[in-house]
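Data first, discussion second: the structure below is written as C-alpha cells.
The sequence lines fix the lettering, A, B, ..., with proteins before strands; numbering per chain opens at 1. We use all heavy atoms of the structure for the numbers below, so side chains are in, but hydrogens, waters and symmetry mates are not. These numbers were taken from a predicted model, which means no experiment stands behind them.
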Amino acid sequence: MFWKYFLFETKLMVRNRKNLFLGAILALFFPIFFFYYSDTEVETIESEKRSEKEMINATFDSFPLSQEETPEGAEIHEIYLEQSSLVNYQLYYLAFVGLDETNEEYIENGLKLNELRLRVHELDNQGIPSQYIIPKEEVLQSNAFLQHALENQIQLEPDPFVATDYLMHALGILSGLFFLLFMIISGSEILLYEKKHQTVMKGFPLSIMNKIHAKVMIHFLYMMVFLTAGIIAGGYIAAREAGFGNLSYPVMIFMNNDYVAIPAFQYYIYILLAIALIVILLYYTAALFNTLFKNSYATVMIALIIFYIPDLFLMIGWNTAWLHPIKIIDISGVLSGDVAVQFGNGQIDYGYAMIWLAVFVVMISGALKLIQWRSYKGSNRNMTEEKRYA
Amino acid sequence: MLKLKDVSVAYKDKKVLDKLSLTADKGEVIGLVAPNGTGKTTLFNVIANFLKPNSGTVSFKEKHTYRSEKEEIRIHKQLATFPDQSDLFEELSGLDHMKLYATMWQKTTKHLPSIVESLHMTDYVKKKVRTYSLGMRQRLCFAMMEAADTPMMLMDEVMNGLDLSNVALISQRLDDMKKKDKLIFVASHLLENLDLYADRVLFLKDGKIIHEQHFHGDSEAFIKISLEEEQYQLVKKTYALPDDHHYIANHLLCIPIKDMLMERQAEWLDRLLPFNREITIGPLGTIEFYEKYFHS
Ligand SMILES: Nc1ncnc2c1ncn2[C@@H]1O[C@H](COP(=O)(O)OP(=O)(O)OP(=O)(O)O)[C@@H](O)[C@H]1O
Ligand SMILES: [Mg+2]
C-alpha cells in the first residue's frame, strides 16, 4: 500500500508545475552557465607566477627602513630575496620546459617557495603589508598539489573548460545558498499541499511518517533526475567545446586539517553523495517546518535564516563551533576548505559534513515522529490545537 | 460496531457537540439531519478522528479507540469518509481518484469498471476532473467511496448538487450497500430522500441527538393535513383530538390512526375533508420531524 501511495504522489509530482519549473532551471543551469563561464578570463600558471613576481617586488619596496634591525626582519628580507629568485627560475622553466609532467625543476622550486612562505608566516609576516601576505591555507593547498604532481607525474595546468573541470566549478557555484533555495522552495509545500485536498487525502490507513517518507522520496528522486540531466547536459556541452578532460586529474580537498589531492572521479563521488544526502535533509527539514509553521513562505524564510545564522554570528564576532554544522550545506566550500577557513574550524571537512548530515536527517525525522507521537498523548485535548499537519 | 460516549466539542465559546452518545451497528444506514452549522460535519470529524473531542470517547468493535496511531490506522482500515468536491485534484482523472481509494483500502481495482458503469460515469471518468460539472464531481466522490468499499462509511453532503435522477441512482446504491452489511452515516438536507434508505434518522440540536426516528416496518401511521393555526384550534375545540396527535411547526396536524377502528378513521377523514387541503396517510417522515424540531 505504501507503494501505491508512492505512485499516487508520483502522479501529483509530475503534474506539479512549480517543481517542473524549478527542476528545469536546475537542469538548464549546467549547460547555460558554461557559455558564461567559458567567456571569463582564467588565470594561467604563467600569469599567476608573473603576478607573484610583482608582488614580491612590491613587498621589497614597502619594507620599512628598520626591516633588517631585528633578526626576524632580517630573515624575512633574506627569504624574499630567495623567493624572488625561485619565482624567476620558475618562469624560466615554464618558458623553456613547458607544462608537461617532466617539469620537476619547476615543481621543486615551487615546493621550496612554499616552504619559505610558511617560514614567513612563522615569523609573523613582520614588515609585510597585509595585502601582500599569501594566506597560509593557499600555501598548504599549493604544496599538496605540487607534492601530488611530483609523485604522480601529472600535467601541471589543466584546461579549466574541459567537462571534468567545468562541472566541478558549476557545482561549486550551485552549492550553498542556491542549492538550499532550490530545494527548500521545491519542498515548501511538501506537506501543506495536501491541505487543499484534505477531505480526499485524510483518513488513509497509512501512518503519517510513511506519508512523509513517500513525499520526501518522490521529491528527492524527481530533483535528482533533473540534477543528473543537468550534469549530463552541462558535461556534454563542455566536452564538445573543450574536451572531456581527465577523471583522474588531482583535485585538492581539505581533509583532516590538511590539503590532500584526490582524483577528480573521487571528488565527484564525494560531492554527489553529499548532495544526495543534503537534498534528503532539506526535504525532511521542509516537512518539519511545514508541520511547525504551517506556511510555505515561513518554511523558506526560516530555512534561509538558519543557513545564515553562523555567518551573522561570525560577523558580530561570536563564532561558536556548535553552529558550524549548519554550513555543511555548502558542500563544495567544505571540500575546498573555504568553509573551514572562513570559520577558523579545521574540523570542517568531508567526514565532518557526512556525519552531521546523517545526524541531522536522524534528528529531523525524529522530531517529526515525536510530533506525531505527541498528538496521540492525552486522549482529549484543546480544540485550538489543530491536529498534526493537516 | 461504533460507539460514541459523552462526546463534547466546543470552539472557544461555542458548544457544538454536548455530551453526545451514540451506538451503531453494521447493516445500518443512519441519517443525520440538522440545519446548517449545527455540527453534522463536526460529528463526522470526531468519528474519523480528524478532530479530537474536548472530552468523550469513540470506540470501534468495543476495543479500538484513537489512543495511538497504530489503533487509528486499524480503525481507518474499516472507515472511509466522503470527500469534498472542492478537494478533488483538478489535474487528475476521475479514474485516478477511484484507483487511489481502491488501492488505499482494497488490494484490487477489479471492482472499478462495474462502479463506473452503474454510476453512468463511463463517458467522462478518464477525463480530468477540471472538466467535470458539479453533478459529475459528486458522483465521482460517491464512486470513490464505493471503490474504498469499507465496512463503515461517513457520507457528508452526499446528495449535494445532484439532479433528481442522480439522487434516485445514489439512493439505490446506498440501499444496495446496506445489504452488504455496511454501516453508513448519511448527512443530508434531502429529508424525504432519507426515508427511502435510512433505518433511522438522528436529529441533532444544541449539541445533542434530540430525537431518533426509526423506520422499520410497523411504523405508526398518521393522517397528515396542513392547517392554519385557527383551523387547528377549531378542530381541537370541535372534536376530541387524541392525546398523541402532533401539530408540527404550526401547520401540520398529524393524527395517529394505529389504534383506531376503521369507522373512527373514516370519521376523521370526513371531518377533515371540508378544509379542502391535501390529506396524506402514512408514517411521520423525516420532514415532519425536522419541521417539528427545527421550525417551531
Ligand atoms: N475550526 C472552527 N473554528 C470555529 N468554529 C468552527 C470551526 N469549525 C466549525 N465551527 C463551528 O461549528 C459549528 C458546526 O459546524 P459543522 O460544519 O459541523 O456544521 P454542519 O452541521 O456540518 O453544517 P452544514 O449543514 O452547513 O454542513 C458551526 O457553527 C461552525 O461555525
Ligand atoms: Mg457540514
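Contact detail for B:D96 and A:R15: the closest heavy-atom pair is OD2-NH2, 4.4 Å. The shortest non-hydrogen separation linking B:M104 to A:M1 is O-SD, 3.0 Å.
Looking at B:S68, only its backbone comes within 4.5 Å of chain A, counting heavy atoms on both sides. If you measure heavy-atom distances from A:L7 to chain B, you find no contacts under 4.5 Å at all. The contact between A:F204 and chain B is made by backbone and side chain atoms together, counting heavy-atom distances below 4.5 Å. Of the atoms belonging to A:Y193, it is side-chain heavy atoms, and not backbone ones, that fall under 4.5 Å from chain B. The part of B:S86 that comes within reach of chain A is its backbone (N, CA, C, O), which places non-hydrogen atoms under 4.5 angstrom from that chain. Looking at B:D156, neither its backbone nor its side chain comes within 4.5 Å of chain A, counting heavy atoms on both sides.
We find the CD-OG1 distance between B:E157 and A:T199 to be 11.0 Å, quoted to the nearest 0.5 Å. In this structure, CD on B:Q106 lies 12.5 Å from NZ on A:K4, to the nearest 0.5 angstrom. Rounding to the nearest 0.5 Å gives a distance of 10.5 Å between CG of A:L12 and CD of B:E91.
Ring orientation note: the planes of A:H197 and B:F89 are close to parallel, at an angle under 30° on the 30°/60° scale.
Residue B:K26 places its NZ atom among 12 or fewer non-hydrogen atoms of other residues, nucleotides or ligands, all under 6.0 Å distant. Around the CH2 atom of B:W105, the shell of radius 6.0 Å holds more than 12 heavy atoms that belong to other residues, nucleotides or ligands. Heavy atoms from other residues, nucleotides or ligands lying under 6.0 Å from CD of B:E117 number 12 at most. Dense packing is recorded around CZ of A:F293, with more than 12 heavy atoms of other residues, nucleotides or ligands lying under 6.0 Å away.
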From CA spacing to verdict: side chain to side chain contact (heavy atoms under 4.5 Å, CB included), A:M201, B:L100: CA-CA 10 Å; A:M201 301 295 280; B:L100 174 67; 4.2 Å; yes
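B:E69 places no side-chain N or O within donor-acceptor distance of the main-chain N or O of A:Y376, the cut-off being under 3.5 Å.
A:V200 pairs with exactly one of B:L88, B:D84, B:T81, B:L92 by the side-chain contact (heavy atoms from CB on, under 4.5 Å) rule, that one being B:L88.
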